[in-house]
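Scroll down for the structure; my scribbles are underneath it.
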Amino acid sequence: MTGKEIVKAINAKPLAASVEERMEKDYQKAFASDLMSDVLAMVSEPENTVLITGLSNAQALRTAEMLDIDLIIFVRGKRPVDGSVDLAELRGVNVYSTGYTMYETCGILFREGLGGIYGSHSA
């Protein structure tokens with residue numbers, strides 16, 4: 001799915017949409033978590049991944065920056081705090097917010113064809 005298709009499907013509003021041409025990019029996967037340590041440990045193809053989170057501090061943006069993730073969706077209508085929107089624009093990360101819960105957001109995007117988490121956990 002393209003970035004435009006993703007934000008349209010979940011009715012997301014732009015918070016930092018500084019790189020419009022990236023919205024034409026084809027994203028293959030999504031990773032949803034509020035634990036940035038899980039994002040760092042499990043995302044193996046960040047260039048094709050959308051980060052979906054409810055963590056609204058600079059840690060989410062810093063994690064995306066470390067992995068070169070360029071599209072973040074905040075759920076439950078959350079907005080980043082602590083000047084993170086300015087940092088996102090400076091770093092070229094597109095940031096959107098949707099009113100849907102994380103569960104709903106993931107379900108909608110999965111139904112529309114966006115892949116899910118890669119790898120698996122073993123007990």
Side-chain angles (χ1 to χ4, degrees):
M1 292 181 75
T2 67
K4 283 184 179 181
E5 292 169 331
I6 290 167
V7 298
K8 183 178 179 184
I10 58 173
N11 196 28
K13 306 296 182 227
L15 302 177
S18 58
V19 188
E20 182 61 32
E21 60 270 10
R22 284 196 182 148
M23 297 309 289
E24 299 296 333
K25 180 178 172 178
D26 187 33
Y27 292 90
Q28 303 295 315
K29 299 179 181 188
F31 192 90
S33 182
D34 290 339
L35 296 172
M36 295 302 107
S37 58
D38 282 355
V39 177
L40 288 168
M42 296 185 67
V43 173
S44 61
E45 298 175 28
E47 64 280 355
N48 298 319
T49 301
V50 178
L51 175 59
I52 301 168
T53 188
L55 183 66
S56 59
N57 62 28
Q59 188 179 5
L61 182 66
R62 292 292 186 191
T63 299
E65 183 181 20
M66 286 175 60
L67 292 173
D68 292 327
I69 291 174
D70 56 31
L71 179 57
I72 302 174
I73 306 292
F74 287 97
V75 296
R76 301 185 308 277
K78 292 198 172 191
R79 303 175 62 87
V81 295
D82 303 333
S84 295
V85 170
D86 294 335
L87 182 59
E89 289 178 350
L90 181 66
R91 300 291 186 205
V93 177
N94 290 329
V95 179
Y96 286 78
S97 179
T98 182
Y100 290 116
T101 66
M102 189 179 294
Y103 179 79
E104 292 169 320
T105 300
C106 292
I108 292 166
L109 294 177
F110 183 78
R111 180 186 69 214
E112 294 295 318
L114 189 61
I117 301 170
Y118 18 82
S120 62
H121 288 193
S122 56

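The figures here come from the full heavy-atom set of this structure, side chains too, leaving out hydrogens, waters and symmetry mates. Only a predicted model underlies this, so the values are computations on that prediction, with no experimental measurement involved.
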Asp26 side chain vs Met1 backbone, donor-acceptor pair below 3.5 Å: yes
At what distance, to the nearest 0.5 angstrom, does OG1 of Thr63 lie from CG of Leu55? 8.0 Å
Whether the side chain of Thr98 engages the backbone of Ile10 through a donor-acceptor N/O pair (distance < 3.5 Å, no angle test) should be reported. yes
Any chain of hydrophobic side-chain contacts (each under 4.5 Å) joining Ile6 to Ile52? yes
Look up atom CG in Leu51 and atom OG in Ser33, then write down how far apart they are to the nearest 0.5 Å. 8.0 Å
Can you confirm whether Thr101 sits close enough to Val75 that some side-chain heavy atom of one is under 4.5 Å from a side-chain heavy atom of the other? no
So, does Asp34 use its side chain to make a donor-acceptor pair with the main chain of Gly54 at under 3.5 Å? yes
Here the pair of heavy atoms bringing Tyr27 nearest to Thr2 is CD1-C, 4.3 Å
If you measure from CG on Leu87 to CG on Leu61, what distance do you get to the nearest 0.5 Å? 4.5 Å
First locate atom CG of Leu109, then atom NZ of Lys29, and finally report the distance between them rounded to the nearest 0.5 Å. 15.5 Å
Interatomic distance, Ser84 atom OG to Arg79 atom CZ [nearest 0.5 angstrom]: 11.5 Å
Linking I/L/V/M/F/W/Y whenever their side-chain heavy atoms sit closer than 4.5 Å, directly or via other members, would Met66 and Met36 fall into one cluster? yes
Cluster question for you: counting only ILVMFWY and a side-chain heavy-atom cut-off of under 4.5 Å, with indirect links fine, are Met42 and Val50 together? no
Check whether Leu15 and Ile72 end up in the same hydrophobic cluster, where Ile, Leu, Val, Met, Phe, Trp and Tyr are linked by side-chain heavy atoms less than 4.5 Å apart. yes
Does any part of the side chain of Leu71, heavy atoms only, come nearer than 4.5 Å to the side chain of Arg22, both counted from C-beta? no
Do Thr53 and Phe74 have side-chain heavy atoms sitting under 4.5 Å apart? yes
Could you walk me through whether Val95 and Val85 satisfy the side chain to side chain contact (heavy atoms under 4.5 Å, CB included) test, starting with their C-alpha distance in whole Å, then the side-chain angles of each, then the deciding distance to 0.1 Å, before giving a yes or no? CA-CA 8 Å; Val95 179; Val85 170; 5.7 Å; no
Residues Leu67, Leu40; criterion side chain to side chain contact (heavy atoms under 4.5 Å, CB included); working and verdict: CA-CA 7 Å; Leu67 292 173; Leu40 288 168; 4.0 Å; yes
Rounded to the nearest 0.5 angstrom, the NZ-CD distance for Lys4 and Glu24 is 4.0 Å
Quick one: do Leu114 and Met23 end up in the same hydrophobic cluster if we chain Ile, Leu, Val, Met, Phe, Trp and Tyr together by side-chain heavy atoms under 4.5 Å apart? yes
Could you give all pairs that pass the side chain to side chain donor-acceptor pair (under 3.5 Å) test and reach residues 88-97, with sequence neighbours left out? Glu65-Arg91
